[in-house]
Each structure stands twice: as C-alpha cells, then as structure tokens.
There are 2 protein chains.
Amino acid sequence: MTMPSSRSVPSRSGDPRERIERTAYELFSRHGTRAIGVDTLAGRAGVAKMTLYKHYRSKDDLVLAFLRRREELWTRTWLQNAVRDRSRKPAARLLGIFELFDSWFRKPDYEGCAFLKVLLEQSDPQHPVRTAVRGHLQAIRSLLVELAAEAGARHPARLAQQWQMLMMGCIVAAYAGERNAAREARKAGAFLLRAEGLRA
Amino acid sequence: MTMPSSRSVPSRSGDPRERIERTAYELFSRHGTRAIGVDTLAGRAGVAKMTLYKHYRSKDDLVLAFLRRREELWTRTWLQNAVRDRSRKPAARLLGIFELFDSWFRKPDYEGCAFLKVLLEQSDPQHPVRTAVRGHLQAIRSLLVELAAEAGARHPARLAQQWQMLMMGCIVAAYAGERNAAREARKAGAFLLRAEGLRA
DNA sequence: AGGCAGCTATACCGGTCGGTATAGGCGGGA
DNA sequence: TCCCGCCTATACCGACCGGTATAGCTGCCT
C-alpha cells in the first residue's frame, strides 16, 4: 500500500548503483529533476533510500551523475556516432543532425532534451547543476565546431554557434508539438551552409 | 520569525488581486512555477493565502493567469510594439527582433523566457498549462507570419517557423550564458531572408 | 446603526520534500 | 565459524507542498 509505483519496471538487473543511475536516467530525462523525488527514485529502482545516499552525497550529486550519463549516452553514443555514420562529407554530416532529429521527434515517447530541461529549471546561474549543463552544451558545441571546420567553413565557430541555436530551437519547437521542426530546421541549416560558401 | 521574505518588496500598491498577479509574474518568470509555492507567493504579495484561493481555484489556475499576463506584457506590449516602432520595412522588423533580444540578453537580470520554462517543466503533453503555452507560442507565430507576409516572403509560414526556432534557440543559448547569441541569430536570420528573396 | 462583502490571521489537513538514524539480513572471505 | 561489508526496511526529522476551515477585523452602503 505504501508505494504502488515501486515495483513497476524495476530495471531488475545490475548492481544497485547501476539500477539507480538507470532509473534516474529514465525519470529525470522525462520529467526533469524537480518533479522526481528521491523516494520515488529509490522505489522505482528497487533500492533502499539509504543505499542511494551511500553512493551519492545529495540529490544534486545524483543529478550531476545523471547529466554525465546523458552526455555519454545521448551526445557521444547516439548523436556523435550516428552523425559520423550517416555520411562522409562533413557538410552532409551537419545536415544529417536534423535528419536524425526528425526521426527522434517522431518517436511517440519523444521527451525533449534533458540538458535544456535541467538548465531551465535552475534559476541560480551559479548552481553547480547549471554550470554542469553549460559544460555539456559546450561538448556538443565542440563537436559542431569540428564538423564545421572539416567542412571547410569560413568561420567554423560562428557556424557552430548558429547551428546549435537551430538545434535547440527545433528541439523546443518539437516539444511544443511541432513535429516537422527538424525538417524546417534542416532547410534553414542548408542556407547557413551556403552562406559559409559550402554545399551539401 | 515565520517568514523573513514575506515583506521584502511587497508590491504594496493595488488591490489584492493585482498584487497577487504582479507577484506571480515576478516570481514565476524568474524561478518557474514548480519552484514557487503558494505560501511563498501569498507571503511576498502581502496577501492572505485564503484571498489567493478566493480569486483562483487552484495554483494551476493562477499559472494560467500568469501566462495570460506574460502574453499581454511580453508578447504584445513589449515585443510587438517595439518591433513595429523599430522600423517601417517588414524585413527590417524581423531582424529588429534580434536587436531587441540583444539588449534583452545583456540585462544583468536576464531571466529567459517564461513560456519555455513552463513548457519544459510540464512533462504531460495534455496538461492544461502546457496546452496554454502552445497557444501563447502560436500567438507569437502569428505575429511572425504577419511580418513575413508583409515583407513579401515567398513562404511566410515557413519563414515564420524558422524564425521562431531561431528566436527560441538564442533565448536558450543566452540563458546558458552566451551573451552574443542574439547577434549571431541576427546574422543567421539575414541569410534566411535572402533565401526568401528578401533583403533587409 | 446595522449589515454585509472582502480581507486577514491562524491553524490545520494529508502528503511529499531532502536527508538521517537504526537495526537487521545476507553473502563471501578468513 | 565468525566477521565484515553491503544492502534492506522502517521509522523518523523539520520543512514545505497544495488546499481548507474558522473566526475576526475593517470599511463601505444603506
């Protein structure tokens, strides 16, 4: 009677720490960090609350671990690899991001970008969590700068910055229900490439 | 001793209802709606909690009122008027949005976009609050479509959608600390205009 | 003078927040 | 066999959550 949601999809396998992180990833990604309490988290992970606090000093610590995992799984494993596999020409790789986004946005359980959710729910600019998000956005930026440079852009840093704004803008638009956001962003991106003297 | 923050900047003037809405505007805009409880709100407004619940059935109701006020003050009074005053040529008006954003982002107390904050903190797509945000974003879109059409764009709806993504993207980028986001977005926007056969 | 509407203050409700204390179960290594 | 390290379960802490009940004050209308 205590917690009806405790045992649903308990992510049973793995040691407790792994179960905690996996559960945090699912719940924080979907609902943000403010909406999920530590009791809910421990219950869903099938783990005692004390175990959680043995591995992480505070909830903020766990949130930071979640953000690291998000960079590992989303940025590196998903985005980076998919973009490199999708094409050989760097300019096409940049455009490929939006093709990737297009199928992402059309997933019925599309839940937006965890980095942006966490960024916007923290009003203190000095807070460690918000600082960490800035770092993770910077990691994505570095990837974009690299691609822009490989593509031979005149101003790789500028193109990367504009590209990232377009990415974030269409992620939010898709979250607001605009399912074709990625396709329109891709078209806009193509114009930016031309302005940099590139063609896909 | 009960509430040290109760009387700081109590927005003293006006009837209770106006004080509530003004306080909600300040607090929700800066911190989001999840971070601000009704006790804090009533305390800061210098109003009894019962008075608050006499004017609004629930906190969600108050949030909806806050969003309406945000559209009134931010979208209509601020954005719309400023853009119309800034220039006569519609294409220049579109670009003027980012010039307006540039000074907005450089305010030391820049607090981002309340619509986006509220949108991202609500994970249920059916929730009335999230539905309301979609409506407010649509209002901004309408303004953009109008400007794009006046400017003679070949595809006003498309240009408006891309423009809004650029706007949201640079709002978020600025929130992450990128102070020159608006200037770069403006440059990107100029390329989109050229692609539509327009010149500023 | 009476009355009523609007507001205030205070206390309360069950539930959840992040975080801690305590005691016991269970498995592996010596 | 005994112990120790890791985990569990449960209860607790003060604070806060959204929302309600009650009683009293104040000012305006008649």
Side-chain angles (χ1 to χ4, degrees), chain A residues 1-7 10-24 27-28 31-67 118 121-124 127-130, chain B residues 1-7 10-24 27-28 31-67 118 121-124 127-130:
Chain A
M1 178 67 84
T2 51
M3 192 129 237
S5 60
S6 295
R7 287 304 165 97
S11 352
R12 66 238 260 135
S13 65
D15 59 288
R17 177 161 186 133
E18 174 60 21
R19 263 181 292 160
I20 292 169
E21 292 221 5
R22 189 159 46 216
T23 307
L27 265 41
F28 287 163
H31 304 285
T33 65
R34 287 201 122 98
I36 301 297
V38 286
D39 294 275
T40 303
L41 200 81
R44 287 266 199 152
V47 150
K49 215 213 280 202
M50 281 308 296
T51 307
L52 194 155
Y53 276 99
K54 201 148 278 172
H55 290 288
Y56 308 92
R57 261 172 281 184
S58 65
K59 189 191 177 184
D60 278 353
D61 251 49
L62 178 55
V63 171
L64 293 175
F66 156 66
L67 292 174
V118 174
E121 68 183 1
Q122 187 49 254
S123 59
D124 174 16
H127 194 289
V129 163
R130 196 160 143 180
Chain B
M1 179 67 85
T2 50
M3 192 127 237
S5 60
S6 296
R7 287 303 165 100
S11 350
R12 62 235 265 138
S13 65
D15 59 287
R17 177 161 185 132
E18 174 60 19
R19 262 182 292 159
I20 292 168
E21 291 221 6
R22 189 159 47 218
T23 308
L27 265 39
F28 286 163
H31 304 286
T33 64
R34 287 200 120 98
I36 302 296
V38 285
D39 294 274
T40 303
L41 202 87
R44 286 267 200 151
V47 149
K49 214 211 280 202
M50 279 310 296
T51 306
L52 195 154
Y53 276 99
K54 201 146 278 173
H55 289 287
Y56 308 92
R57 259 173 280 184
S58 65
K59 188 191 176 183
D60 278 353
D61 251 49
L62 178 56
V63 171
L64 293 175
F66 155 67
L67 291 174
V118 174
E121 68 184 0
Q122 188 49 254
S123 58
D124 174 15
H127 194 289
V129 164
R130 196 160 142 181

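Sequence lines set the chain letters: A, B, ... in the order given, protein chains first and strands last, and positions in each chain run from 1.
- Residue Asp15(A) contributes atom CG, which lies 17 Å from atom P of dG27(C) at whole-angstrom precision.
- Between His127(B) and Asp60(B), the closest side-chain pair of non-hydrogen atoms falls below 4.5 Å.
- Each of dG18(C), dC17(D), dC7(D) was ranked by its minimum atom distance to the side chain of Asp39(B); first place goes to dC17(D).
- Put simply, the side chain of Lys49(B) and the base of dG19(D) share a donor and an acceptor less than 3.5 Å apart.
- Between Asp39(A) and Lys49(A), at least one side-chain N (NZ, or NE/NH1/NH2) sits under 4.0 Å from a carboxylate O, which counts as a salt bridge.
- Note that the CD atom of Glu18(B) and the OG1 atom of Thr23(B) stand 9.0 Å from one another [nearest 0.5 Å].
- Distance Leu41(A) CG to dC17(C) C1': 14 Å, rounded to the nearest Å.
- Between the OH atom of Tyr53(B) and the C1' atom of dC13(C) there is a distance of 13 Å, rounded to whole Å.
- Between Thr51(B) and dT8(C), a side-chain N or O to OP1/OP2 separation shorter than 4.0 Å is present.
- End-to-end axis angle of the helix from dA1(C)-dT30(D) to dA30(C)-dT1(D), using five pairs per end and rounding to 10°, comes to 10°.
- Backbone-only contact: Ile36(A) has heavy atoms under 4.0 Å from sugar-phosphate atoms and none from a base.
- Taking atom CD of residue Glu18(B) and atom C1' of nucleotide dG6(C), one finds them 17 Å apart after rounding to whole Å.
- Two residues, Met50(A) and Thr33(A), neighbour DNA chain C, and the one matched to the more 5' nucleotide by heavy-atom proximity is Thr33(A).
- Rounding to whole angstrom units, CG of residue Leu62(A) and C1' of dG19(C) are separated by 14 Å.
- Summarising the geometry, the separation between NZ on Lys59(B) and P on dC16(D) is reported as 14 Å, rounded to the nearest angstrom.
- With hydrogens and angles ignored, no donor-acceptor pair under 3.5 angstrom links the side chain of Lys54(B) to the base of dG6(C).
- With contacts defined as side-chain heavy-atom distances shorter than 4.5 Å, the pair Phe28(B)/Leu41(B) qualifies.
- Checking Leu67(A), Thr33(A), Leu52(A) one by one against Leu62(A), the side-chain contact (heavy atoms from CB on, under 4.5 Å) holds for a single residue, Leu52(A).
- Annotation: the span from Lys59(A) atom NZ to Arg34(A) atom CZ amounts to 8.0 Å, rounded to 0.5 Å.
- Of the candidates dC7(D), dG18(D), dC17(D), the closest approach to any side-chain atom of Thr40(B) belongs to dC17(D).
- Distance CZ (Arg34(B)) to P (dC17(C)): 11 Å, rounded to an integer number of Å.
- The CD1 atom of Ile20(A) sits 14 Å away from the P atom of dC6(D) (whole-angstrom rounding).
- Val38(B) places a side-chain heavy atom less than 4.5 Å from the side chain of Tyr53(B).
- In this model, the phosphate group of dC7(D) is approached by a side-chain N or O of His55(A) to a distance below 4.0 Å at OP1 or OP2.
- Side-chain proximity of Ser58(B) to the nucleotides dC7(C), dT20(C), dG19(D) is greatest for dG19(D).
- Judged purely by atom type and a 3.5 angstrom limit, Arg19(B) has no side-chain atom pairing as donor or acceptor with the backbone of Val47(B).
- Of the candidate nucleotides dG19(D), dA9(D), dG19(C), dA9(D) has the atom nearest to the side chain of Ala48(A).
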